[in-house]
2 protein chains.
Amino acid sequence: MSHFAKMSEAASVALHAALLMAKKPRELHTARSIAEGLTVSEATLAKVLQRLARAGIVDSTRGPKGGFVLAKNPADVTLLSVYEAIEGTLTPTRCLLSRPVCGGECLLSALLSDVDVQARNFLAGKNLADVAAALPVGGSIEDIEKAG
Amino acid sequence: MSHFAKMSEAASVALHAALLMAKKPRELHTARSIAEGLTVSEATLAKVLQRLARAGIVDSTRGPKGGFVLAKNPADVTLLSVYEAIEGTLTPTRCLLSRPVCGGECLLSALLSDVDVQARNFLAGKNLADVAAALPVGGSIEDIEKAG
DNA sequence: GTTATTTCGGTATTAAAATACCACAATATT
DNA sequence: AATATTGTGGTATTTTAATACCGAAATAAC
């Protein structure tokens, strides 16, 4: 069993964390509460949130009552921006193996670049508000956990 | 700079090696000659060819004048069969992180499974004869190397 | 039947990624 | 001011995959 679509654990966690914060856009979420909401390790999530903060996607405040908030309106945050904050710019793959056999254009470049373009369009075309609205259950973290 | 399309080096080497053999379907190719033709390490290629042999895609003969040949007609070997001989069955990804936030269907499952389906269709729809015919330069390894 | 060539398959080494840990800085509360 | 809470960022550990290595088996050539 193998998969063709690849996304690092970190990128996936980032997208899910952003979605969780988008449900309550004005509230501060601690790393711990997000980690519990996603059932991921706090250590891993901390790194992810750090990078989102540096990319300007979330704002962070330290100390008691501190935490993370989305820096912008959820409708203004595309999934692509979250993804690229973690993974770097998503560019089409040319070829994994630029070798003589292919004679110029690699036999796989069509597939690889098409897949990357499709993924980019998907991620660029959806923002956090879209996704949050599409979820079966409404507002609170409690509701979400019940539904999970 | 990141990529969404993922294929292991081994799978890529397998596809390129199969293509190289498809150019001369009746001849024996040693692991060394294929490795040189692809400019990959012989050690890595050896493992790949072994798995292709076990999957019945190539036949192997040991000893002097030994080597590897395609077991079937190039037109009867899909890229998917070569890919899956290395990576295992290509199945759509559901979600990397089955977490409560998504409430049932993961926010990424549409993207991930679409990408996998697209890749599967692409690979299943092309065989070695198709690809070899599409190459700019004709028959021999020498021609291929000149073109590379 | 001896030697050279080539694949086979297990093991070991290396590289890379994920994950966890810890001391530090900042800030709200008292 | 002291203390508790929370993010920061560097480092270390663990895990996993990729890659390389090496002895063994098979077979053709002489």
Side-chain angles (χ1 to χ4, degrees), chain A residues 1-4 6-18 20-21 27-71 85-88 96-97, chain B residues 1-4 6-18 20-21 27-71 85-88 96-97:
Chain A
M1 191 189 75
S2 67
H3 302 301
F4 204 85
K6 178 201 67 174
M7 186 181 294
S8 73
E9 175 86 359
S12 175
V13 167
L15 287 164
H16 284 85
L20 198 57
M21 287 186 275
E27 294 182 16
L28 278 169
H29 304 267
T30 65
R32 174 168 304 166
S33 71
I34 297 174
E36 285 170 359
L38 300 180
T39 328
V40 299
S41 96
E42 200 174 330
T44 298
L45 181 70
K47 293 296 183 194
V48 167
L49 289 170
Q50 251 180 41
R51 280 191 273 181
L52 292 182
R54 266 179 251 169
I57 293 180
V58 302
D59 288 331
S60 65
T61 48
R62 297 204 260 197
K65 307 289 179 185
F68 299 88
V69 215
L70 283 179
I86 304 296
E87 299 277 46
L96 302 166
L97 188 75
Chain B
M1 192 190 73
S2 67
H3 302 300
F4 205 85
K6 178 201 66 171
M7 185 180 294
S8 72
E9 175 86 1
S12 175
V13 167
L15 287 164
H16 284 85
L20 198 58
M21 287 187 274
E27 295 182 16
L28 278 168
H29 304 267
T30 65
R32 174 168 303 167
S33 71
I34 297 174
E36 286 171 358
L38 299 179
T39 328
V40 298
S41 97
E42 202 174 329
T44 298
L45 181 69
K47 292 296 184 197
V48 167
L49 290 171
Q50 248 179 45
R51 280 191 272 180
L52 292 182
R54 264 180 252 169
I57 292 180
V58 302
D59 288 331
S60 64
T61 49
R62 296 205 263 199
K65 305 289 178 186
F68 298 89
V69 215
L70 284 179
I86 304 298
E87 300 276 45
L96 302 165
L97 187 75

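- Between B:Ser60 and C:dC8 there is a side-chain polar atom (N or O) within less than 4.0 angstrom of OP1 or OP2.
- Among the protein residues, A:Ala31 comes within range of the sugar-phosphate backbone only, with heavy atoms under 4.0 Å from sugar or phosphate atoms but none that close to a base.
- Results of the side-chain contact (heavy atoms from CB on, under 4.5 Å) test with B:Leu52 over B:Asp59, B:Leu70, B:Val58 single out B:Val58 as the only residue that passes.
- A:Lys47 contributes no side-chain N or O that forms a donor-acceptor pair with the base of D:dG7 under 3.5 Å.
- In the interface, the side chain of B:Arg62 is paired with the base of C:dT7 through a donor and an acceptor atom under 3.5 Å apart.
- One atom, NZ of B:Lys6, and another, C1' of C:dA17, lie 14 Å apart when rounded to the nearest Å.
- Close to D:dA20, at under 4.0 Å from its OP1 or OP2, lies a side-chain N or O of B:Thr44.
- As rounded to whole Å, 17 Å separates atom P of C:dT5 from atom CG of B:Leu28.
- Summarising the geometry, the separation between CD1 on A:Ile57 and P on D:dG7 is reported as 18 Å, rounded to the nearest angstrom.
- Between atom OG of residue B:Ser2 and atom CE of residue A:Met7 there is a gap of 9.5 Å, rounded to the nearest 0.5 Å.
- As judged by a 4.0 angstrom heavy-atom cut-off over every strand, A:Arg51 is placed among residues making no nucleic acid contact.
- We find that CD1 of B:Ile86 is positioned 16 Å from P of D:dA17, with the value rounded to whole Å.
- Remark: the B:Gln50 side chain and the C:dG9 base include a donor-acceptor N/O pair separated by less than 3.5 Å.
- Going from atom CG of B:Leu45 over to atom C1' of D:dA20 covers 14 Å, rounded to whole Å.
- In terms of position on DNA chain C, the residue among B:Arg32 and A:Lys65 whose nearest nucleotide sits closer to the 5' end is B:Arg32.
- The phosphate of C:dT6 has neither OP1 nor OP2 within less than 4.0 Å of any side-chain N or O from B:Thr30.
- For the pair B:Glu9 CD and C:dA15 C1', the interatomic distance rounds to 14 Å; values are reported in whole Å.
- Once rounded to the nearest 0.5 Å, the distance linking NE2 of A:His29 with CD of A:Glu36 reads 13.5 Å.
- Distance, B:Leu52 CG to C:dG9 C1': 16 Å, rounded to whole Å.
- Put simply, CG on A:Leu45 and CD on A:Gln50 are 10.5 Å apart, with the number rounded to the nearest 0.5 Å.
- Where B:Gly63 and A:Pro64 meet DNA chain C, the nucleotide closest to each residue was compared, and B:Gly63 sits on the side nearer the 5' end.
- To the nearest angstrom, P of D:dT5 lies 13 Å from CD of A:Glu42.
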